[in-house]
Structures are given as C-alpha cells and as structure tokens.
Amino acid sequence: MTSPQGADAQTNTPEPQSSDKGRLRGIGYWIALGLGTLGLLMAINQTFNLKFLGFQPLGNSYLYYLIGIFLAAAFLCFPAWSGARNRISWYDWVLAVLALVSCGYLGYHGLTMINMGWEYMAPTEATVFSGILLVLVLEGVRRCGGWPLLFVSLFFGSYPLYADSMPGFLWGNQYELPELLRAHVIGVESIIGIPMQVVAQLVIGFVVFGAALTITGGGDFFMKFATALMGRSRGGPAKVSVLSSGILGSLSGSVISNILTTGPITIPTMKKTGYPAHYAGAVEACASTGGTLMPPVMGAVAFIMASFLGVAYAEIMIAAFLPALLFYLALLFQVDNYAARRGLKGLPESEIPSLKETLKDGWPYLLSLVMLVYMLLVMRIEAYAPYYASLVLLGVALFKRDYRLNWVRAKSFIADLTTNVSNLVAILAGIGLVVGGLSYTGVAGAFSRELLLYADGSIPLMLIAGAITSFVLGMGMTVSACYIFLSILLAPALVNAGLNPLASHLFILYWGMLSYITPPVSLAAITAAGVAGSNATKTGIYAMRLGGILFILPFLFVLNPSLILQGDITRILMSVVTAITAIWLIASAMEGYLYRIGIIGWPLRIMALAAGGCLIYPNLVSEAVGLGLIILMYAGKGLLNPQRLVVPRS
C-alpha cells in the first residue's frame, strides 16, 4: 500500500514511516479493514443523507467520528519507527483505542458543545479528552507526515501560549493551556477546520474513485490508449509516459503511487528504444508530478483551495486546466525534439494495440471520466460526482472477467482506501493546529500586512519572495500543508497587492510542487530513478530541466490571468496561441532541435529562447519582437545554423 499525495495525497519528503503490507496481517488487518469500511459507510451516509438505521450525526459529530476512525486506522497502518514496520505493537493498539474513545466522547456531545459554547467553558472531562486527542494528533502527523511537519504543527499549535511575549508583528493574543486545548479541539478553526471539513465532505469520494479506477483496470486501459495514440511516433515510449502518467495522475492525484504504477511499464520501454535511464526516469517523474496539477481531480489541495476562496470546485478546475496543459505540451515538445535530434524511433508495430479495440474494450473508463467532468462542471455536484462515477466503474467490472470485483479485489479496494484516507486525516488534523494557532493569535493578518510594507508595493519582489518561501516549505512539508500555511500568510498579501486571488493561490500551489522534481529533495525523481536504475541526482537534474516550464508558468498566470481563462475571450485566445508558441520555442532551445530546420547550434538556440521569452510576456511590443525573431530564424536559417544538415546521432 502506498500513501497518497494527492489525495493529499502528496508528501514532498520521503516518508519516514510508510504503510507496509507486512504490517497489516491477522487481526490487525481485519480491524483496519473494518475501520475503513465503517468510515466509508459513514461518509456515504452523511453525503447522501441516508439516515441509515436512524443514524445521522449532528453538529460537528460527524467530523469527530471520522477523525477517530481514521486516526485509529493510521496507528495500525503506519509504524511509530522503522523497526516496527512488520508488526503492530501493543502501544499502537492503545493509541487506536484512545483515538476511538476520545473522538467518540466528543462526537457524542457534538451538538451540545455548540449549543453550550464548550470552546470557552466546558466540563473537565471534555478538556481532558481534548488534551488526549491533541497528543494523538501530534503522534499521527509525526507518523504520516514526518518530523519536520510535526515540528511545524507543534510550534504554531503552541504559539498562543507565548504569543504575548513575541516582538512586533509576531505579538498575538495569549491563551492558557486549558483554553488552548479547547480552542484547538472543540473550536472550528483548528483540527476540525476547513481542511478536515473538505476531506470529510469531498475528498473521501475522490479517493474512492481513484481506488475503483485501479481495481477495475483503468490503469491498463489508459496505458494502452496512450500507446495506441503515441506509440508509433518518434520517441513514442516517452510520449506514452507523458500522456498515460498525466491522465492517471490527474485522476488519482498521487505522484508517488503514479510513478510506481506506470513507471515499471513506461521506463523500461523508453530505455529499450534508446532513452538513457536517467532521462527515462526524469520523464516519468515530471509527467507524474504534473498529474496532480491537471483537472479533473488534482488532489485534496484543490478542494481546500476552493473552500478557502469560497468558490465552486469547477472554477478551480477551469483555472488550472490551461497551465497544466501547457506543462504537458512542453514535455511532449521536449521528448519529441530529443528523439528527433538523436534519431530515436517509435515502438514496433507488434507492440502497439489497436486503437479501435482499445476503445471498444475500455469505453466505460472514458464514460466514467466524462460523467465525472460533466457532474463537476455542469451539474456542480462535487460531493456526489465521484461516488456515481465509481458506481459506473464497479458496475462495468461485473462484466469483465479479468477485473470483476471479487473478494480479493474488494479487500484490496478497502485496504487502499483505509491507508490513503487515514494518512490524509492524520496529516490534515496536524495542519489544523497550524491554522488554529495563526488564527487565534491574529498573527496571520499582521504578517501579511508586514510583507506588503517591506515589499513597498513591488509585486515582482513579493512574487519572488513567495516563490522562494513556497519552494523551501515544499521541501519539508506536504503540498497541502505548504499550501494551507501560505494561503493564510502569503496569499492575502498578494491579493491585497492587486493580483488575481485565484491566480495567487495557484501560484503558491505550483511553487510548493516544484521540490518534487528539484534536487536535493526531488522525491518524484528519486522514486523514478529507483525504477529506472539510474543515479538519483542526475535524474533529478534532468527532471528539473524537463520540468523547467513549471518555474515560469506560475509567474505567467499570476501576472496574466487570461492564462487561467479569466478575462476577455479575445485576450484569452491570443494568450493561448502565444503561450503555446513560446513553450515550443523554449523546448526547441533546450533540446537543440527546431522543426523544419533540424539540429540547431547555439546562435539559433539563443534566438529561440529569446523569442520564447518575448512571446511569453503579456505585452504587444514583446510579442511583436518574438514574432520578428521567429521570422528571422527561419529566413536566415542557412547563415545562422551551420549544423542544419548534420545527420542525427544515434
């Protein structure tokens, strides 16, 4: 079982502990499955308002019950230390029981605590159970998110205890320990704040959809579909990797599990057709990373973003679509140019499946995807959409012998769901402490005002500072954690400076994702290097080069909102055309190959890079200069490019 990053599902540093199939066996396995099943049934009951057996949690009770169930499952699924990977220890059972008991008590009194204002004055036992749950949450975030995330949660969670002793804008309201315990656990801005509400109301359904897609053979279909479309072209295996990993990543929202699912197929095929191991690993790492930025699913962070901005998830999907598409076009241009420069061919005809037969066999997967997008964009039923789409997948599987939902697959389905959701709940409960600590002290607003003051109105300076901060935090925190933290501290400053709110939030998300493919962390590249058998550092460097457009895109759409499909339709169309042309030129410059010219030397590479840079900036003068450089390159290709007739190297 792999933990998610997109359902956060996205951890940006190697998880110090991870769920292990050898750990869940015997009674522990069955209890974990039972907890996951109970949590799923409770989520369905709440989402569809079924009132199963007359049970319908009121107030915040549902959130406490869900936290108790999946936090208990997290203590069974994830070990306290590496030496306990293969067994569930007695203390894991104790922690699991305490999670169920403490959350059971709080859930039972969920409506009472709202009506009676327990956040401010509560019975002694409520404060005691709040303290127990707080300790359990910290242990859960340590196991699932690692030590860096624990330190961040602990520091900001405890900040109200000494905020009145801090200088300047760091000064805030002080809380006594019992007050802080109640505020974090019973208040609605911390553990059960927006991140946990989004998981409970929306994300579990999309985790279900991802698991249903896996067990019904969706991964195999999309791999065949990509091969049928791209396999014959030059460098076909790399293009298959880009397309298949992008599609699967967009549906699962998980970078690492996507690499481990598609990588063992795509990477050996790329190596067999002439791509070096490090390059093949870099392609897979970039393609899988981009999947978490590609609609329709994207991961938990997109749903959290919608809640923070107070907009429908459909608006996030629409805004994220073009930047993600540009990223994948840049990847396709680069792998195609790489193949053209080195004379690499496509796959043999015998290894390419028939597109007609592939679609005939796999049309239900496309149907479920179309249904999902329609329900998200048109019907706007985000909470119900993934469940309906999952029913289509599971229903079709009944008629497919190879993927029929038998007992073994049902257990695998529940086990993956349990692991993924428990990981997510444990991490986001800890992140809730950060949100609560900053909110209760008032430091978040003060920090935003201070940043505006220091930047002195300079938007480029603020964006550079925000990019660096997002990138550094992304090295030690999950993407969701990094985004939530900076959406409170940094995003208000960007918005107050006059930037588009949605573009500002996407800017933070993109830069938080970059550490996946950038050394020294580059978790996606390290994982892909393990599959490819290549040097991890070299793979990371090539992944950073291939994914270089990710360093530029956030600045483009935050300064030019037409690239997130906002504004006048004429300007949007012009921005799309110039952006596509720009990334084609930049890809050509990076790989040293230009269509209709061939292999190019440094004079033309520099001109192509300059032309791309001019076109990518939203200004009529710079766009005219870029167009002029393109005309000059092709008109004077003989003089500027003496290498044009060089035979491609093998």
Side-chain angles (χ1 to χ4, degrees), residues 2 5-6 14 214 217-252 254-292 294 327-328 330-339 341-348 350-353 516-519 521-548 550 591 650:
T2 56
Q5 172 41 27
T214 299
D220 291 341
F221 163 71
F222 286 115
M223 182 65 70
K224 289 181 180 178
F225 180 63
T227 304
L229 286 179
M230 298 281 193
R232 293 179 179 83
S233 61
R234 64 187 178 197
K239 295 175 184 175
V240 170
S241 174
V242 171
L243 187 60
S244 60
S245 297
I247 295 173
L248 287 175
S250 71
L251 298 176
S252 70
S254 175
V255 176
I256 304 306
S257 65
N258 195 26
I259 292 173
L260 296 175
T261 300
T262 60
I265 301 173
T266 59
I267 290 175
T269 308
M270 282 189 273
K271 290 168 64 177
K272 186 172 68 174
T273 54
Y275 285 94
H278 62 270
Y279 195 91
V283 170
E284 180 62 37
C286 288
S288 294
T289 299
T292 60
M294 172 67 83
F327 171 69
Y328 277 101
L331 280 182
L332 288 172
F333 283 140
Q334 286 185 89
V335 297
D336 182 65
N337 289 340
Y338 185 95
R341 184 181 177 94
R342 288 156 180 79
L344 302 181
K345 307 298 182 184
L347 289 169
S350 59
E351 296 182 18
I352 299 176
Y516 262 110
I517 58 170
T518 308
V521 178
S522 56
L523 182 57
I526 290 171
T527 305
V531 177
S534 61
N535 178 273
T537 302
K538 192 173 183 179
T539 303
I541 291 172
Y542 270 81
M544 183 173 65
R545 174 182 160 186
L546 281 169
L550 278 180
E591 296 297 339
S650 60

**Listed once per pair and sorted, the salt bridge (charged side-chain N to carboxylate O under 4.0 Å, His left out) pairs that draw on residues 522-535, sequence neighbours left out** = none
**Message:** Going by the rule side-chain hydrogen bond (donor to acceptor under 3.5 Å, both in side chains), which residues pair with Ser250 if we only count those two or more places apart in sequence or in a different chain?
**Reply:** none
**Fill in**
d(Leu251 CG, Met294 CE) to nearest 0.5 Å is 10.5 Å
**Prompt:** Taking only residues two or more places apart in sequence, or in another chain, which ones meet Ser534 in a side-chain hydrogen bond (donor to acceptor under 3.5 Å, both in side chains)?
**Reply:** Thr539
**Asked** Do you know which of Thr527, Leu260, Thr292, Ile517 makes side-chain contact (heavy atoms from CB on, under 4.5 Å) with Val255?
**Response** Thr292
**Asked** Side chains of Leu546 and Val283: closer than 4.5 Å at any heavy-atom pair?
**Response** yes
**Pairs meeting criterion salt bridge (charged side-chain N to carboxylate O under 4.0 Å, His left out) with involvement of residues 223-239, two or more places apart** = Arg232-Glu349, Arg234-Asp336, Lys239-Asp336
**Fill in**
CG (Leu523) and OG1 (Thr518) are apart, to the nearest 0.5 Å, by 12.0 Å
**Prompt:** If we only count heavy atoms from C-beta on, is the Val240 to Met270 side-chain gap below 4.5 Å?
**Reply:** no
**Message:** As an exercise, state the distance from OH of Tyr542 to CG of Asn535, rounded to the nearest 0.5 Å.
**Reply:** 11.5 Å
**Message:** Listing request: all salt bridge (charged side-chain N to carboxylate O under 4.0 Å, His left out) pairs with a residue in residues 538-548, at least two apart in sequence or in separate chains.
**Reply:** Arg545-Glu591
**Nearest heavy atoms of Ala228 and Pro353, plus distance in Å** = CB-O, 3.6 Å
**Message:** As an exercise, state the distance from CD1 of Ile259 to SG of Cys286, rounded to the nearest 0.5 Å.
**Reply:** 9.5 Å
**Item:** Test ring pair (Phe, Tyr, Trp, His ring centres under 6.0 Å) applied to Tyr275 - qualifying residues, sequence neighbours left out
**Value:** Tyr279, Tyr338
**Asked** Residues in side-chain hydrogen bond (donor to acceptor under 3.5 Å, both in side chains) with Ser245, at least two apart?
**Response** Thr262, Glu284
**Prompt:** Excluding sequence neighbours, so at least two apart, what forms side-chain hydrogen bond (donor to acceptor under 3.5 Å, both in side chains) with Lys272?
**Reply:** Glu351
**Contacts of type ring pair (Phe, Tyr, Trp, His ring centres under 6.0 Å), residue Phe222, not counting sequence neighbours** = none
**Fill in**
OG1 (Thr269) and CG (Leu347) are apart, to the nearest 0.5 Å, by 6.5 Å
**Message:** Among residues at least two apart in sequence or on other chains, which ones pass side-chain contact (heavy atoms from CB on, under 4.5 Å) with Ile541?
**Reply:** Pro519, Thr537
**Request:** State which residues pass ring pair (Phe, Tyr, Trp, His ring centres under 6.0 Å) with Phe225; sequence neighbours excluded, sorted by chain then number.
**Result:** Phe221
